[in-house]
Amino acid sequence: MEGKNDAAAVPRCVGCGSPVQRLYVQYSPGNIRLMKCDNCKSVADPYIECEFMIILIDLILHKVEAYRHLLFNILYLDSDAYKGVLQSSVLAYIFLDAYKISFLNTATLDFNSLLSAIWCCTKILTGALVENFLFMLFILVGLEFVLNLSYNIKRYREVMSAIIISSYLKLFLLSTIVWEFPLSVIHIVNVFVLSSNIVALRVITQSKISWCVGICCLAHGAKILIDHWLLELL
């Protein structure tokens, strides 16, 4: 891992966010010693020895430490884990937004014939792609205005990856396939995704929380307006 100026290229202390040389030393299989951060003198990443469910719970609770562990120490741009998770996350992200559009517009969609079903699916998928393209555009334009990233492509990739991966709470939409929920569940999920995106953006950019709240709220607000516009077209 090289390049300490690249946020996602080096491991970081989950407590203070400072770069560290290594997270642990392995003496033998199953025998490791966690390293301490030179800055805060605490264990750099105690999540290394935690079960997945503990990490997931802390992510749902929006703990900054858990997001640092995920975005800096588990996933980084040049790792195979990053590439695999990102590809799967992008596909799931688009699919879940397409499912959300169809869920909100079930009454007017026509699946009575093969051609009409193909046409409806095409419109839904196109709508999901368009709204997410504009959503990411709002995020990146906001960051360029606030942080002046100088059109750094690698930093843009880091931000987009953090936003997509931190939207994992959209998976709760799949529960509507099994159980009946009111349409308000969509708005509840959207609020949780918004708050998760804010934490992830704060972690990956290391900027003020107020800026992250403003950027994410603006982008999500634009996405909601686009959703309503798309629903009128379907």
Side-chain angles (χ1 to χ4, degrees), residues 1-93 139-140 143 146-169 171 195-209 211-212 215-216:
M1 301 178 187
E2 298 178 355
K4 290 187 178 182
N5 292 328
D6 296 329
V10 295
R12 290 180 177 266
C13 171
V14 299
C16 65
S18 299
V20 295
Q21 291 185 346
R22 59 177 63 184
L23 299 172
Y24 62 89
V25 175
Q26 183 171 2
Y27 298 107
S28 61
N31 182 18
I32 65 173
R33 179 168 68 89
L34 299 181
M35 304 301 291
K36 291 188 176 181
C37 171
D38 293 334
N39 182 52
C40 66
K41 309 305 180 184
S42 299
V43 172
D45 191 350
Y47 284 107
I48 290 174
E49 294 186 325
C50 291
E51 297 290 338
F52 170 76
M53 286 305 300
I54 295 176
I55 299 173
L56 179 60
I57 290 171
D58 280 358
L59 287 171
I60 294 175
L61 293 174
H62 294 0
K63 290 189 176 182
V64 173
E65 296 82 0
Y67 278 82
R68 287 193 180 120
H69 168 76
L70 176 65
L71 298 176
F72 290 136
N73 300 341
I74 297 299
L75 305 174
Y76 50 92
L77 291 182
D78 298 322
S79 70
D80 292 334
Y82 166 84
K83 295 173 183 177
V85 169
L86 182 60
Q87 291 172 357
S88 302
S89 298
V90 169
L91 292 176
Y93 189 85
I139 292 284
L140 297 180
L143 286 175
V146 172
L147 300 179
N148 189 22
L149 298 181
S150 301
Y151 303 101
N152 187 325
I153 300 300
K154 190 170 184 179
R155 292 292 284 145
Y156 286 160
R157 287 176 59 200
E158 292 170 3
V159 170
M160 289 190 292
S161 300
I163 293 296
I164 291 172
I165 292 171
S166 65
S167 299
Y168 60 89
L169 289 164
L171 290 170
S195 59
S196 182
N197 288 165
I198 290 172
V199 177
L201 190 63
R202 179 191 176 193
V203 167
I204 205 68
T205 63
Q206 303 179 68
S207 56
K208 294 181 180 179
I209 185 66
W211 288 114
C212 296
I215 292 171
C216 286

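By convention here, the first residue in the shown sequence is residue 1.
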Spacing of SG belonging to Cys16 relative to CG belonging to Asp38, to within rounding of 0.5 Å
9.5 Å
Minimum side-chain heavy-atom gap Leu143-Leu201 below 4.5 Å
yes
Residue pairs, two or more places apart or on separate chains, that pass ring-ring contact (aromatic ring centres under 6.0 Å, His included) and touch residues 10-35:
none
Compare every heavy atom of Val14 with every heavy atom of Pro46, then report the nearest pair and how far apart it is.
CD-CG2, 3.8 Å
For Lys36, the side-chain contact (heavy atoms from CB on, under 4.5 Å) test, sequence neighbours excluded, returns none
Tell me, yes or no, whether the heavy-atom count around Gln26 atom CD, taken from other residues, nucleotides or ligands under 6.0 Å, exceeds 12.
yes
Could I get the full list of side-chain contact (heavy atoms from CB on, under 4.5 Å) partners for Ser42, not counting sequence neighbours?
Cys40
Heavy-atom check, side chain of Arg68 versus side chain of Arg12, under 4.5 Å
no
Is the closest side-chain heavy-atom distance between Phe72 and Ile204 below 4.5 Å?
yes
Rounded to the nearest 0.5 Å, what separates atom OH in Tyr156 from atom CD1 in Ile139?
12.5 Å
Run the side chain to side chain contact (heavy atoms under 4.5 Å, CB included) check on Cys212 and Thr205 step by step: do they pass?
CA-CA 9 Å; Cys212 296; Thr205 63; 4.1 Å; yes
Selection residues 28-70 - residue pairs positive for ring-ring contact (aromatic ring centres under 6.0 Å, His included), sequence neighbours left out:
Tyr47-His69
Once rounded to the nearest 0.5 Å, what's the spacing between atom CG of Leu140 and atom CE of Met160?
5.5 Å
Distance (rounded to the nearest 0.5 Å) between Leu61 CG and Ser196 OG
11.5 Å
Salt bridge (charged side-chain N to carboxylate O under 4.0 Å, His left out) against Lys63, all qualifying residues, sequence neighbours excluded:
Asp58
Answer yes or no: is there a side-chain heavy-atom contact under 4.5 Å between Asp45 and Leu34?
no
Working to the nearest 0.5 Å, report the span between CD1 of Ile60 and CE of Met53.
7.0 Å
Measuring from Ser89:OG to Ile164:CD1, what's the distance to the nearest 0.5 Å?
7.5 Å
Do Ile32 and Ile48 pass the side chain to side chain contact (heavy atoms under 4.5 Å, CB included) test, and can you show the C-alpha distance, the side-chain angles, and the key distance before you say yes or no?
CA-CA 10 Å; Ile32 65 173; Ile48 290 174; 4.1 Å; yes
Sequence-distant partners of Val20, side-chain contact (heavy atoms from CB on, under 4.5 Å), two or more places apart
Pro11, Cys13, Leu23, Cys37, Ala44
